[in-house]
Amino acid sequence: MRTRLQARYVLGHDGRDHAIHRDASVVYEDDRILHVGPGWSGEVDETIELGNSLIVPGLIDLDAVADLDHIILDSWGDPEVRKGHQWSADYFTNHRRDVFTREERRLIRRFAMAQLLLHGVTTAMPIASEVHSSWAETYDDFVDMSEEALELGLRIYLGPSYRAGVHVTREDGTPDVMWSVPNGEQGLEGARRFAEYAVGLPELVQPVFAPCRIETMTADLLAKTADLATEMDLRVRLHCMQSMRELELVNATHGSTPLDLLEKVGLLNERLLVPHGKYFSLASGGRPTDPELRRFADSGAALVHTPITEARLGYTIDSLDRYLDAGVTIALGSDCFPPDLVRGMELSSNLAKIMEGRLDAGSAADLMRVATTGGAKALGRSDLGRLAPGAQADVTVFDFDAVTVGMVEDPIRTLLMHASARDVSMTVVAGRTVMRHGQIPGLDLVGLRREAQSLFDRMKSCYPERDVQHRDVATLFPPTFESLP
């Protein structure tokens, strides 16, 4: 089927960079783009007039929450309360369990993927919390998730997360990591099985290896991951360089920095995606030196920038500009709810201005590249992240006629400063309209949200059993203001 989208603004790609077309079209047939710009006079099966809208390449989220986001629970508490948000040593040893059934986990993933489509994300690499599982993600869960993604029409890079250790709070209140190497080996085997399974799925689902946090991995498990990724030519996403505590643990366990460990085990190459990437070494107080940034950039690895989550947790990378100037490939991730990459783009821009001390830092152009071509480069996909003939027909449409958007100046600056991803009116993945006017075909979003709320309430209610002091919910999560009778 040949479809033409007509709009006031179209962010095309001229082979070198994005470029704005005015009063232009995007024409695609099945899953491939045929034409971008003005002047189309060929036949089409359907023309959709979008009026005062901005059409951009489908947004790419490479750290997308596929869970009931817990950051609303644990990004604001004082240090003593926060200790209760992790497992106790006793829970690790004697009581750990799955809070949700397999079917409930499937519903949670369905809700999260629907949110991605509602917010204009067309390509995602999911992440979930292990706090409410008995250990980590499973092969079966990701078979279910791949089926949900295909039904909804989301382009997705999937692989169950695995780990050999978990952060805990000891009885005396001190933090630690407790280990179960067999669980880590079992997790890697499940990830390998899923990768082999996913190779036979439709193109929308691609396998990836997703080990958990670097400080919860053994060197052997990391090296085996690197070997499998090389053998199968797959991407690896590993959360690392995200806290001073991580630097201390990696140094204590492996006698090295995260960057050195990545190189030692064979992961520091173009297949690696690193969410966060702020804290490089204890010697420099965490801040990456220029040689460290160049070393990371020269390896071909990509940084997945998650500005909203980082800000909610009280930190940010030095500045987007410094990393880009060093040649680092940067993609964007939401890593929290809502999966609003536009809010993330604006926040990253503002943080760069603060860190650099100048208004021209964190340009709208750079942030749009990070959300599109940056993610495509991190995935090794030149057919994503751009609107150009031959590219995948992945499209996100923003409605600039919404009264809340206000006045339109430059369309990209207007997007970052006046709009949000909740102004997305249409999401297209591989030529399929997967969301239009806030509706996803075949999905009862109101009922789904109601079910997700019930599961979130249960998740919250289970924190006391993991807390080292077994404090109640009201103590672990006190209300903003006193509740009146």
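All heavy atoms count here, side chains included; hydrogens, waters and symmetry mates do not. In this text, all values refer to a predicted model and were calculated from it rather than measured experimentally. This chain uses plain numbering: 1 for the first residue, then up along the sequence.
Contact check for I55 versus H21: no side-chain heavy atoms found under the 4.5 Å cut-off. Under the 4.5 Å side-chain criterion, counting only non-hydrogen atoms from C-beta, H18 is in contact with T373. When side chains are defined from C-beta on, Y9 counts as touching N52, because their heavy atoms get closer than 4.5 Å. A heavy-atom distance below 4.5 Å is not found between the side chains of L238 and F209. The shortest distance between side-chain heavy atoms of L118 and I440 falls below 4.5 Å. A heavy-atom distance below 4.5 Å is found between the side chains of M459 and F100.
For T216 and H167, the side-chain atoms include no donor-acceptor pair closer than 3.5 Å. For the residue pair D63 and H239, a side-chain donor N or O sits within less than 3.5 Å of a side-chain acceptor on the partner. Side-chain contact annotation: R381 with Q392, donor-acceptor N/O pair under 3.5 Å absent. Inspection of the R271 and T230 side chains reveals an N or O donor paired with an N or O acceptor under 3.5 Å. Side-chain atoms of D67 and H132 include a donor-acceptor pair closer than 3.5 Å. A donor and an acceptor atom, one from each side chain of T414 and E409, are nowhere located under 3.5 Å apart.
For the pair T372 (side chain) and P57 (backbone), a donor-acceptor distance under 3.5 Å is absent. With D144 contributing its side chain and D141 its backbone, the two residues share no donor-acceptor pair below 3.5 Å. For the pair D45 (side chain) and T3 (backbone), a donor-acceptor distance under 3.5 Å is absent. S349 places a side-chain N or O within donor-acceptor distance of the main-chain N or O of G362, the cut-off being under 3.5 Å.
Two rings, from Y315 and Y279, have their centers less than 6.0 Å apart.
In this structure, W40 and H35 have tilted ring planes: the angle between them lies in the 30° to 60° band.
Using a cutoff of 4.0 Å between basic side-chain nitrogens and carboxylate oxygens, R369 and D366 are scored as salt-bridged. A salt bridge between D31 and R155 is absent, with no side-chain N of the basic residue lying under 4.0 Å from a carboxylate O of the acidic one. A salt bridge is defined here as a Lys NZ or Arg NE, NH1 or NH2 lying under 4.0 Å from an Asp or Glu carboxylate O, and R295 with E292 fails to meet this definition. Classification of E451 and R110 as a salt-bridged pair fails, no side-chain N sitting under 4.0 Å from a carboxylate O.
In M355, the CE atom is crowded: over 12 heavy atoms of neighbouring residues, nucleotides or ligands sit closer than 6.0 Å. Counting heavy-atom neighbours within 6.0 Å of E43 CD, excluding the residue itself, gives a total of 12 or less. Within a 6.0 Å radius of CE in M407, other residues, nucleotides and ligands contribute 12 heavy atoms or fewer. By the 6.0 Å contact criterion, CD on E147 is enclosed, its count of non-hydrogen atoms from other residues, nucleotides or ligands being greater than 12. Heavy-atom contacts from other residues, nucleotides or ligands closer than 6.0 Å to CG of L445 number more than 12. In this structure, K278 places its NZ atom where more than 12 heavy-atom neighbours from other residues, nucleotides or ligands lie under 6.0 Å away.
The structure places CD of Q206 at 12.0 Å from OG of S146, a figure rounded to the nearest 0.5 Å.
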Candidate pair M145 and I156, rule side-chain contact (heavy atoms from CB on, under 4.5 Å), full reasoning
CA-CA 10 Å; M145 196 169 181; I156 199 161; 4.2 Å; yes
